[in-house]
Amino acid sequence: MSARLRLGVNIDHVATIRNARGGPHPDPARAAAIAAAAGADGITIHLREDRRHIRDGDLDAIRAASALPINLEMAATEEMTAIAEAYRPHAACIVPERREERTTEGGLNVAGLHNQIAPIVRRLNEAGARVSLFIEPDPVQIAVSEVLGAPVVELHTGRYAELWAEGGLEAAQPELVRLAAAAADARRRGIEPHAGHGLTFENVGPVAAIAELAELNIGHFLMGEAIFIGLDASIREMRRRMDEARA
Ligand code: PXP
């Protein structure tokens with residue numbers, strides 16, 4: 001277990017702002033370069049089926065903008081699997097996607113979708129991507145992730161973040177316990193646990209302190225905060241808080 005917790009910066013919302021006007025600005029590739037200079041350990045991007053975040057043409061530009069490993073979030077579809085096979089990202093994180101949702105609500109039900117996901121995990125593994133499954137911190141989902149041969153799971157922290165917003169650490173404590181138990185369970189099964197969704201300067205500390213976690217993926221808050229303090233400062237402050245929680 002490594003002491004350093006990696007920070008994957010999700011730059012999708014740079015593209016969301018760009019897409020609101022239809023022009024080239026702001027450019028997510030520029031955000032990838034700034035993230036690298038600010039100490040990010042990876043770039044996370046979600047090529048959604050509706051292309052509301054990054055678009056196909058961004059893939060190569062983002063890769064060219066920094067030397068950081070790319071984590072491609074993707075739905076479990078034939079179209080996305082073929083794109084990932086051609087793009088060959090460092091990591092591929094399979095996420096649930098419903099068109100009407102505003103963001104990725106809830107983890108992937110790998111237990112219910114085993115037959116759909118199994119061949120995709122195999123193809124992504126063969127393409128050299130480190131496959132990750134975005135799941136709820138639930139023992140059944142972790143057990144099935146092991147059966148599916150995923151080397152990584154990303155634990156959904158959305159419920160934790162919601163509870164935190166309602167009542168701080170006290171309200172979020174039961175979900176924090178579930179996250180810690182899930183991270184330990186994943187490690188026992190030889191799976192590397194990551195976590196993400198809804199993490200902020202305020203709520204990141206207790207999650208970052210879970211020693212079994214290897215990586216956090218954070219996007220929306222970092223980009224929102226960048227409006228006020230700049231992207232470089234936003235990422236550096238998140239990094240500082242993660243390191244402080246681990247120390
Ligand atoms: N991890 C995964 C798998 C995601 O899909 C997302 C974005 O929905 C995140 C992490 C980052 O979440 P946020 O933008 O809330 O920080």
Side-chain angles (χ1 to χ4, degrees), residues 1-16 28-48 53-54 58-59 62-63 65-74 84 87-95 103-104 107-108 124 128-135 137 150-158 160-161 179 183 186 191-201 203-205 207-226 231-243 245-246:
M1 216 176 304
S2 90
R4 184 179 153 86
L5 180 60
R6 293 195 302 270
L7 170 60
V9 173
N10 182 318
I11 58 172
D12 287 328
H13 292 297
V14 178
T16 310
R30 186 172 164 201
I34 292 172
D41 300 290
I43 297 296
T44 292
I45 45 180
H46 186 177
L47 185 67
R48 291 184 68 103
H53 294 156
I54 63 148
D58 292 318
L59 290 170
I62 288 168
R63 173 173 274 158
S66 90
L68 291 179
I70 289 178
N71 173 32
L72 179 69
E73 294 179 1
M74 52 175 274
Y87 188 51
R88 303 180 81 86
H90 166 78
C93 180
I94 304 178
V95 303
T103 179
T104 313
L108 195 65
L124 294 171
R130 266 192 109 209
V131 180
S132 159
L133 302 174
F134 189 41
I135 57 170
V152 177
V153 290
E154 180 159 331
L155 304 173
H156 199 305
T157 52
Y160 165 83
L179 287 163
I191 299 174
E192 185 176 282
H194 299 177
H197 200 92
L199 297 176
T200 67
F201 287 164
N203 69 20
V204 74
V207 173
I210 298 172
E212 286 83 0
L213 289 176
E215 180 175 309
L216 300 183
N217 282 299
I218 309 181
H220 185 267
F221 178 85
L222 286 174
M223 298 308 149
E225 195 61 16
L231 184 54
D232 180 86
S234 172
I235 293 169
R236 284 182 198 277
E237 177 61 10
M238 189 61 82
R239 175 81 260 163
R240 189 190 69 72
R241 289 180 186 238
M242 286 164 56
D243 290 343
R246 273 289 161 107

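We use all heavy atoms of the structure for the numbers below, so side chains are in, but hydrogens, waters and symmetry mates are not.
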Spacing of [X] atom [atom1] and [Y] atom [atom2] [to the nearest 0.5 Å]:
X	Y	atom1	atom2	value
Ile70	Tyr87	CD1	OH	3.5 Å
Ile135	Ile191	CD1	CD1	7.0 Å
His194	Asn71	NE2	CG	8.0 Å
His53	Ile45	NE2	CD1	12.0 Å

List the atom of [X], the atom of [Y], and the distance in Å for their closest heavy-atom pair.
X	Y	result
Ala32	Ser66	O-CB, 3.9 Å
Glu73	Asn10	OE2-ND2, 3.8 Å
Ala183	Leu155	N-CD1, 3.8 Å
Ala65	Ala29	CB-O, 3.2 Å
Ile43	Ala35	CD1-CB, 3.8 Å

Residues in ring pair (Phe, Tyr, Trp, His ring centres under 6.0 Å) with Phe221, at least two apart?
->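 Residues passing ring pair (Phe, Tyr, Trp, His ring centres under 6.0 Å) with Phe221: Phe201.
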With sequence neighbours left out, what residues match His220 under ring pair (Phe, Tyr, Trp, His ring centres under 6.0 Å)?
->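 Result, ring pair (Phe, Tyr, Trp, His ring centres under 6.0 Å) vs His220: His13.
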Which residues pass the side-chain contact (heavy atoms from CB on, under 4.5 Å) test with [X], sequence neighbours left out?
X	result
Ala208	Leu5, Leu216, Met242, Ala245
Ser132	Cys93, Val152, Glu154
Ala31	Ile11, Val14, Leu231
Asp232	Ile34, Ala38, Arg236

Taking side chain to side chain donor-acceptor pair (under 3.5 Å) as the test, write out the residues that go with Asp41, two or more places apart.
-> Arg4, Arg239
How would you list, by chain and number, every residue that makes a side chain to side chain donor-acceptor pair (under 3.5 Å) with Thr200, sequence neighbours excluded?
-> Asn203
Who passes salt bridge (Lys or Arg N to Asp or Glu O under 4.0 Å) against [X], sequence neighbours left out?
X	answer
Glu192	Arg6, Arg130
Arg30	none
Arg63	none
Asp12	none

